[in-house]
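A short worksheet on the structure shown next.
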Amino acid sequence: MTGYLHRLYVKSLSEFGTPVELPQCGGWLLERAIPNSDLKDAIGCYPLFCCADWTKLPADIQKIKDRYVTISVVPDPFAPITAADLSQYFQLVRPFKKHFVIDISNSIDRHINRHHRYYARKALKQMQVRLVDDPKAALDGWVRLYQILVERHHLRGIKAFSRTAFAGQFEVPGLVAFQAIRNGKTIGMHLWYIQSGVAYSHLGASDQEGYWLGAAYALHWSAITEFKQHHEGAVCLIDLGAGAGMEETARDGLSRFKRGWATGEKVKYFCGSICDCESYRLLTGTTQINSGYFPLYRAGQLS
């Protein structure tokens with residue numbers, strides 16, 4: 001197991017819930033206390049719920065559902081499972097976001113748009129990008145950069161990731177880190193996890209100098225080149241992730257940025273079930289699951 005499938009990854013999120021193993025399918029949930037009650041719910045790991053054997057997921061869910069008011073997950077968009085399959089396991093299955101994807105059989109110049117090629121080459125003239133040999137040694141530098149991102153975008157909750165969480169994530173097998181350096185100083189980094197034939201873009205961050213010099217362009221270009229040239233067999237697809245916010249909009253600059261590298265798109269879904277209808281009704285005043293946010297008693301927590 002590597003990446004999001006590894007037990008060390010879910011352990012890194014234990015500030016936000018108690019890890020619960022799904023032993024048959026090889027996945028993990030986070031059990032959370034519901035504020036102002038003695039009730040609990042469960043969510044999949046952020047940003048993606050992954051498991052080794054999706055056919056065994058229903059049996060695992062069946063065994064634990066009586067413990068929780070609700071269960072909700074965002075399944076790995078590359079999982080060998082369809083929306084119709086998910087609808088057999090969850091009451092709510094709705095398209096959530098589009099992930100931007102690179103099929104590495106394509107030439108690097110063929111799918112990257114002209115704008116991105118220009119700014120990547122310009123950025124690479126002003127900085128060096130290297131593959132980090134020992135990611136753990138770069139932890140402090142990464143935490144500094146990510147804190148800048150947290151403050152810039154007002155991130156909170158699980159998205160803010162503490163130093164403790166990152167210390168755990170830097171121990172996870174499958175981590176690949178790239179570092180942008182100028183005048184001996186790290187000005188940007190990009191973290192990836194390789195798992196089940198996919199290189200997943202986990203997180204990227206830059207300081208102000210890196211932001212103005214376009215470190216994100218240099219880091220993406222270098223990562224794509226590395227995965228194509230040196231990870232043949234281990235990586236078939238590169239997942240650049242999705243846009244910002246809960247929904248993609250025409251003004252979402254992150255989606256435009258990622259689309260400029262991609263060869264295609266892959267929809268991911270949000271899935272949820274009410275396991276205890278009476279408790280859900282007491283918490284929300286409804287037993288309907290088609291509200292805009294689920295579970296309704298946690299509305300806005302990931303916005």
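Residue indices begin at 1 and follow the sequence shown.
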Margin query: With a sphere of 6.0 Å drawn around CZ of Arg7, does it hold more than 12 non-hydrogen atoms of other residues, nucleotides or ligands?
Written below: no
Notebook entry, point to check: With a 3.5 Å cut-off and no angle check, do the side chains of His99 and Lys268 form a donor-acceptor pair?
Noted result: yes
Next item on the list: Go through the structure and list residues passing salt bridge (charged side-chain N to carboxylate O under 4.0 Å, His left out) with Lys56, not counting sequence neighbours.
Entry: Asp53
Item checked: All side-chain contact (heavy atoms from CB on, under 4.5 Å) counterparts of Pro95, not counting sequence neighbours -> Val267, Tyr269
Next item on the list: Sequence neighbours left out, what passes side-chain hydrogen bond (donor to acceptor under 3.5 Å, both in side chains) with Gln24? Give chain and number order.
Entry: none
Under 3.5 Å, side-chain donor or acceptor atoms of residues 83-92 against the rest of the protein: list the pairs with distances, not counting sequence neighbours.
from, atom 1, to, atom 2, distance (Å)
Asp85, OD2, Thr82, N, 3.1
Asp85, OD2, Thr82, OG1, 3.0
Ser87, OG, Ala83, O, 2.9
Gln91, OE1, Ile274, N, 3.0
Gln91, NE2, Ile274, O, 3.2

Identify each donor-acceptor pair in which a side-chain atom of residues 195-204 lies under 3.5 Å from a protein atom, sequence neighbours left out, and give them as a table.
from, atom 1, to, atom 2, distance (Å)
Gln195, OE1, Tyr4, N, 2.7
Tyr200, OH, Asp76, OD1, 3.2
Tyr200, OH, Asp76, OD2, 2.7
Ser201, OG, His190, NE2, 2.8
His202, ND1, Tyr4, OH, 2.9
His202, NE2, Gln169, OE1, 2.8

Next item on the list: Verify, without hydrogens or angle tests, whether Lys258 (side chain) and Ala242 (backbone) share a donor-acceptor contact under 3.5 angstrom.
Entry: yes
Notebook entry, point to check: Same cluster for Leu283 and Phe294 if Ile/Leu/Val/Met/Phe/Trp/Tyr side chains link at under 4.5 Å?
Noted result: yes
Margin query: Using the ring-ring contact (aromatic ring centres under 6.0 Å, His included) criterion, which residues pair with Tyr119? Sequence neighbours excluded.
Written below: His115, Tyr217
Donor-acceptor contacts under 3.5 Å from residues 26-35 side chains, at least two apart:
from, atom 1, to, atom 2, distance (Å)
Glu31, OE1, Tyr68, OH, 2.6
Glu31, OE2, Lys40, NZ, 3.2
Arg32, NE, Asp41, OD1, 3.2
Arg32, NH2, Asp41, OD2, 3.3

Note to self: Once side-chain hydrogen bond (donor to acceptor under 3.5 Å, both in side chains) is applied, do any residues pair with Thr70, and if so which ones, sequence neighbours excluded?
What the structure shows: Tyr297
Next item on the list: Could you list the residues that satisfy side-chain contact (heavy atoms from CB on, under 4.5 Å) with His231, not counting sequence neighbours?
Entry: Ile194, Glu226, Phe227, Val235
Item checked: Residues forming a side-chain contact (heavy atoms from CB on, under 4.5 Å) with Lys11, sequence neighbours excluded -> Leu8
Margin query: Run the salt bridge (charged side-chain N to carboxylate O under 4.0 Å, His left out) test against Arg152 and tell me which residues pass, sequence neighbours left out.
Written below: none
Margin query: So, applying ring pair (Phe, Tyr, Trp, His ring centres under 6.0 Å) with Phe49, which one of Trp54, Phe270, Tyr9, Phe96 is it?
Written below: Trp54
Notebook entry, point to check: Which residues pass the side-chain contact (heavy atoms from CB on, under 4.5 Å) test with Asp140, sequence neighbours left out?
Noted result: Arg163
